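Below you'll find the structure, written out as structure tokens, and then a few comments.
The structure presented is a predicted model; accordingly, all values stated were derived computationally and were not measured. Letters A, B, ... mirror the listed sequences (proteins, then strands); counts begin at 1.
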Number of protein chains: 2
Amino acid sequence: MPQSNYPGEFEQMVLLVLLRLEDDAYALAVLKELDRSAGRRVSRGTLYKTLDRMEAKGMVEWTTEASTPERGGHPRRLFSVTPTGVEALRASRETLVRLWSGLDVVLGDPAE
Amino acid sequence: MPQSNYPGEFEQMVLLVLLRLEDDAYALAVLKELDRSAGRRVSRGTLYKTLDRMEAKGMVEWTTEASTPERGGHPRRLFSVTPTGVEALRASRETLVRLWSGLDVVLGDPAE
DNA sequence: TGTGCGATGTAGACATTGTCTACATCGAAG
DNA sequence: CTTCGATGTAGACAATGTCTACATCGCACA
């Protein structure tokens with residue numbers, strides 16, 4: 001069994017953006033929000049690959065849009081974070097917060 | 001030049017642990033602290049590889065211990081984070097803090 | 001006085017994650 | 001028809017994460 005399942009740094013950003021977008025989490029919106037709030041600009045291929053891999057790990061899931069995909073092309077996918085994904089984010093944040101504690105002198109105050 | 005240099009999730013932990021250990025950052029101590037404060041248990045080889053790669057990127061540097069390496073074996077290396085490394089940590093923390101904001105409802109309070 | 005032990009460090013291999021470019025699909029506007 | 005925009009997929013390759021095996025050097029002590 002493959003244990004040590006820590007989401008990579010980019011995977012974390014994607015998970016967080018998915019949570020932020022709630023019902024609006026389709027690929028292009030994720031791409032935009034990733035750029036806007038994390039300054040991360042990547043290609044669509046990069047995002048899809050990451051999303052697919054996280055699905056395989058049970059961190060995200062999706063439904064193809066049911067309502068009229070009026071605007072042609074492939075039916076778009078609506079992503080969401082699974083409980084497993086949320087748990088991974090929680091654990092990761094907890095660890096980081098603990099590691100940061102006491103280092104404000106050198107790292108500065110994030111609320112600046 | 002390849003720019004977009006984001007430290008990976010494990011690299012970040014290592015950098016943070018190095019900062020926490022200050023003058024005591026030699027490999028075995030890092031390994032112990034990584035386990036103790038981040039629950040991360042890895043082999044020595046893993047740590048060295050990571051450290052070497054980060055050195056190549058200018059995030060860490062080291063000096064071989066000058067004072068009597070009384071306890072035999074190879075002279076041990078004393079690691080430290082460079083300003084570049086500190087800056088990377090700062091940027092990373094800033095992004096995460098921003099992405100987490102507003103998500104306490106789903107992620108819970110880290111100060112629990 | 002040689003043998004094992006502990007604290008170090010190095011090398012090579014391989015799995016996972018990060019990232020891009022090229023290509024394919026399908027309505028609507030020309 | 002042809003083009004365009006919004007989508008998604010596939011394949012390749014670079015960067016990161018991780019291990020095991022091996023090498024070095026004092027010291028304890030049989």
- Query: In whole angstrom, what separates A/Met59's CE from C/dT17's P?
  - Reply: 8 Å

- Can we say A/Asp24 and A/Lys32 salt-bridge, meaning some charged N sits less than 4.0 Å from an Asp/Glu carboxylate O? no

- Query: Separation of A/Asn5 atom CG from C/dA15 atom P, in whole Å?
  - Reply: 16 Å

What pairs of nitrogen or oxygen atoms, one from the protein and one from nucleotides 19-23 of chain D, lie under 3.5 Å apart?
from: D/dC19; atom 1: OP2; to: B/Ser43; atom 2: N; distance (Å): 2.9
from: D/dC19; atom 1: OP2; to: B/Ser43; atom 2: OG; distance (Å): 3.1
from: D/dC19; atom 1: OP2; to: B/Thr46; atom 2: OG1; distance (Å): 2.6

- Message: Can you identify which nucleotide, out of D/dT16, D/dG8, D/dT18, has its nearest atom closest to the B/Arg40 side chain?
- Response: D/dT18

- Query: Where the side chain of A/Arg53 is defined as all heavy atoms beyond and including C-beta, which of C/dT19, D/dT7, D/dG17 is the nearest nucleotide?
  - Reply: C/dT19

- Query: Roughly how many Å is it from NZ in A/Lys32 to C1' in D/dA6, rounded to a whole number?
  - Reply: 11 Å

- Task: Keeping to residues at least two apart or across chains, list the ring pair (Phe, Tyr, Trp, His ring centres under 6.0 Å) pairs with something in residues 28-49 of chain B.
- Result: none

- Query: Between C/dG9, D/dT18, C/dT8, which nucleotide has the shortest distance from any of its atoms to the side chain of B/Tyr48?
  - Reply: C/dG9

- Message: Less than 3.5 Å apart, any donor N or O on the side chain of A/Ser92 or A/Thr95 sitting next to an acceptor on the other?
- Response: no

- Round to a whole Å and report the spacing from CZ of A/Arg77 to C1' of D/dA6. 14 Å

- Message: Expressed as a whole number of angstroms, how long is the span from A/Met54:CE to C/dG18:C1'?
- Response: 12 Å

- Query: Taking atom CD of A/Gln12 and atom CG of B/Leu96, what is their separation to the nearest 0.5 Å?
  - Reply: 6.5 Å

- Using atom CG of A/Asp52 as one end and atom C1' of D/dG11 as the other, report the distance to the nearest whole Å. 14 Å

- Note on the structure: Whole-Å distance, B/Glu9 CD to D/dA15 P, equals 19 Å

- How long is the gap from CE on A/Met13 to CD on A/Glu9, to the nearest 0.5 Å? 4.5 Å

- Can A/Lys57 and A/Glu11 be counted as an ion pair, charged N to O under 4.0 angstrom? yes

- Sub-3.5 Å donor-acceptor pair from the side chain of A/Arg77 to the main-chain atoms of A/Trp62, do we have one? no

- Message: Expressed as a whole number of angstroms, how long is the span from B/Leu31:CG to D/dT18:C1'?
- Response: 12 Å

